[in-house]
Amino acid sequence: MNTPRVFLDACVLFPPLVRTILLGTAPDRFQPLWSQRVLDEWRIAIARKSGPDAERKVLEAIIAMTEAYPDALLPPNPALETQIHLPDPADAHVVAAASGAADIVLTFNLRDFPRSALAAHALTPRDPDGFLWELLSEDAEIIPPLQKIFRDFDLQTDTRRALKRARLPRFGKAWDAAVTSDSQNPAKG
């Protein structure tokens with residue numbers, strides 16, 4: 001099986017829980033990719049919303065991401081960017097950077113990335129909720145790293161509600177089912 005190459009839009013990096021779940025489950029499941037412009041959008045959005053201390057935390061997270069995934073940073077493609085037409089022209093840089101390097105563009109903003117526009121660049125737009133649901137459905141080995149992430153976020157007792165607030169309701173429901181199934185199977189414990 002080929003490991004999918006997944007370009008992470010800034011909106012999926014912004015929420016710490018979503019970002020941590022994605023990057024914590026990526027090894028052996030998918031190759032995360034991003035561009036400097038996406039990282040800058042994320043940093044600037046955090047700085048505007050929460051100030052310089054939050055921006056500093058984003059810069060630390062970017063350093064950690066770069067160390068964990070040294071091949072994830074894709075170069076810009078300004079020539080291609082001018083040829084891409086999306087509902088929000090400011091998103092053309094995502095498709096331009098991902099084109100030829102990624103298989104999937106992972107975004108909460110599917111309306112801004114129509115399938116037909118991305119298909120011309122051999123890209124598929126995906127929502128993080130469905131993407132993570134699919135990973136969990138296909139690979140029970142994802143459960144231990146997720147359990148650690150949820151412990152780190154102190155979500156052991158209310159995981160499903162936290163996932164719903166993070167715009168991952170389908171994944172949250174699947175998580176509850178997987179954990180219940182796992183705990184009821186003595187052979188797995």
Side-chain angles (χ1 to χ4, degrees), residues 1-42 45 61-62 65 68-69 71-77 80-81 84-143 145-146 149-150 159-160 162-178:
M1 181 178 122
N2 289 338
T3 304
R5 300 163 301 161
V6 180
F7 190 93
L8 305 178
D9 191 13
C11 63
V12 302
L13 296 174
F14 190 89
L17 179 59
V18 175
R19 178 181 67 253
T20 303
I21 291 169
L22 287 167
L23 296 177
T25 58
D28 302 321
R29 291 171 188 89
F30 69 94
Q31 178 185 356
L33 302 168
W34 48 75
S35 67
Q36 188 60 53
R37 188 158 165 194
V38 162
L39 297 176
D40 290 342
E41 282 182 7
W42 169 34
I62 289 170
M65 289 165 52
Y69 299 99
D71 298 326
L73 186 65
L74 298 177
N77 190 339
L80 181 58
E81 187 177 335
I84 296 170
H85 304 286
L86 297 173
D88 183 351
D91 288 324
H93 72 93
V94 170
V95 177
S99 184
D103 306 303
I104 295 169
V105 171
L106 200 62
T107 183
F108 282 115
N109 302 323
L110 291 175
R111 280 182 288 142
D112 292 338
F113 295 94
R115 284 192 178 278
S116 58
L118 270 65
H121 300 279
L123 295 166
T124 303
R126 294 288 309 270
D127 179 87
D129 191 30
F131 182 75
L132 288 166
W133 173 85
E134 189 176 288
L135 287 179
L136 180 60
S137 299
E138 293 175 353
D139 184 3
E141 296 298 316
I142 201 172
I143 292 174
L146 285 170
I149 290 167
F150 297 149
T159 306
R160 187 170 177 183
L163 292 172
K164 186 175 182 177
R165 279 193 311 268
R167 299 174 59 187
L168 303 172
R170 192 169 159 202
F171 175 62
K173 186 175 181 180
W175 173 256
D176 274 358

Does Leu17 reach the side chain of Arg165, with side-chain heavy atoms less than 4.5 Å apart? no

Give me the atom names and distance for the closest heavy-atom approach of Gln31 to Thr3. N-CG2, 3.7 Å

Is there side-chain contact between Ile143 and Leu136, with at least one heavy-atom pair below 4.5 Å? yes

Return the CZ to CG distance between Arg126 and Leu110, rounded to the nearest 0.5 Å. 9.5 Å

Take Ser99 and Asn77 through the test side-chain contact (heavy atoms from CB on, under 4.5 Å) and record every step on the way to the result. CA-CA 9 Å; Ser99 184; Asn77 190 339; 5.8 Å; no

Backbone N/O of Ala101 and side chain of Arg5: donor-acceptor pair under 3.5 Å: yes

Interatomic distance, CZ@Arg19 vs CG@Leu23, rounded to 0.5 Å, equals 7.5 Å

Which label fits Phe131 and Phe30: parallel for a plane angle under 30°, tilted from 30 to 60°, or perpendicular past 60°? perpendicular

If you define the side chain from C-beta out and look only at heavy atoms, does anything of Phe171 sit under 4.5 Å from Leu135? no

Atom of Pro87, atom of Arg111 and distance for their closest heavy-atom approach: CG-O, 3.4 Å

Which residue in the set Leu73, Leu74, Val12, Leu13 passes side chain to side chain contact (heavy atoms under 4.5 Å, CB included) when paired with Val38? Leu13

Steps toward side-chain contact (heavy atoms from CB on, under 4.5 Å) verdict (Trp175, Leu132): CA-CA 10 Å; Trp175 173 256; Leu132 288 166; over 6 Å; no

Of all the heavy-atom pairs spanning Ala98 and Val105, show the shortest one and how long it is. CB-CG2, 4.2 Å

Between Phe150 and Leu163, does the side-chain contact (heavy atoms from CB on, under 4.5 Å) criterion hold? Intermediate values first, please. CA-CA 10 Å; Phe150 297 149; Leu163 292 172; 4.0 Å; yes

Phe108 side, atom CZ; Asp129 side, atom CG - distance, nearest 0.5 Å: 7.5 Å

Closest heavy-atom pair and its distance - Ile142, Pro145: O-CD, 3.2 Å

At their closest point, which heavy atom of Ala166 faces which heavy atom of Val18, and how far apart are they? O-CG2, 3.6 Å

Heavy-atom distance under 4.5 Å between the side chains of Trp42 and Ile62, does that happen here? yes

What distance do Asp103 atom CG and Leu123 atom CG have between them, rounded to the nearest 0.5 Å? 8.0 Å

Would you indicate whether the side-chain heavy atoms of Pro32 and Leu22 approach each other to under 4.5 Å? no

Is there a side-chain contact between Glu141 and Arg29 (heavy atoms, below 4.5 Å)? yes

Closest heavy-atom contact between His85 and Ala117? O-CB, 4.2 Å

Given side chains that start at C-beta, do those of Ile84 and Asp91 come closer than 4.5 Å, heavy atoms only? no

Asp112 versus Leu86: any side-chain heavy-atom pair under 4.5 Å? no

Evaluation steps, side-chain contact (heavy atoms from CB on, under 4.5 Å), between His121 and Leu80: CA-CA 10 Å; His121 300 279; Leu80 181 58; 3.8 Å; yes

Output for pair (Met65 CE, Leu8 CG), nearest 0.5 Å, gives 7.0 Å

Nearest 0.5 Å, what's the CD1-CD1 distance between Ile149 and Ile21? 6.0 Å

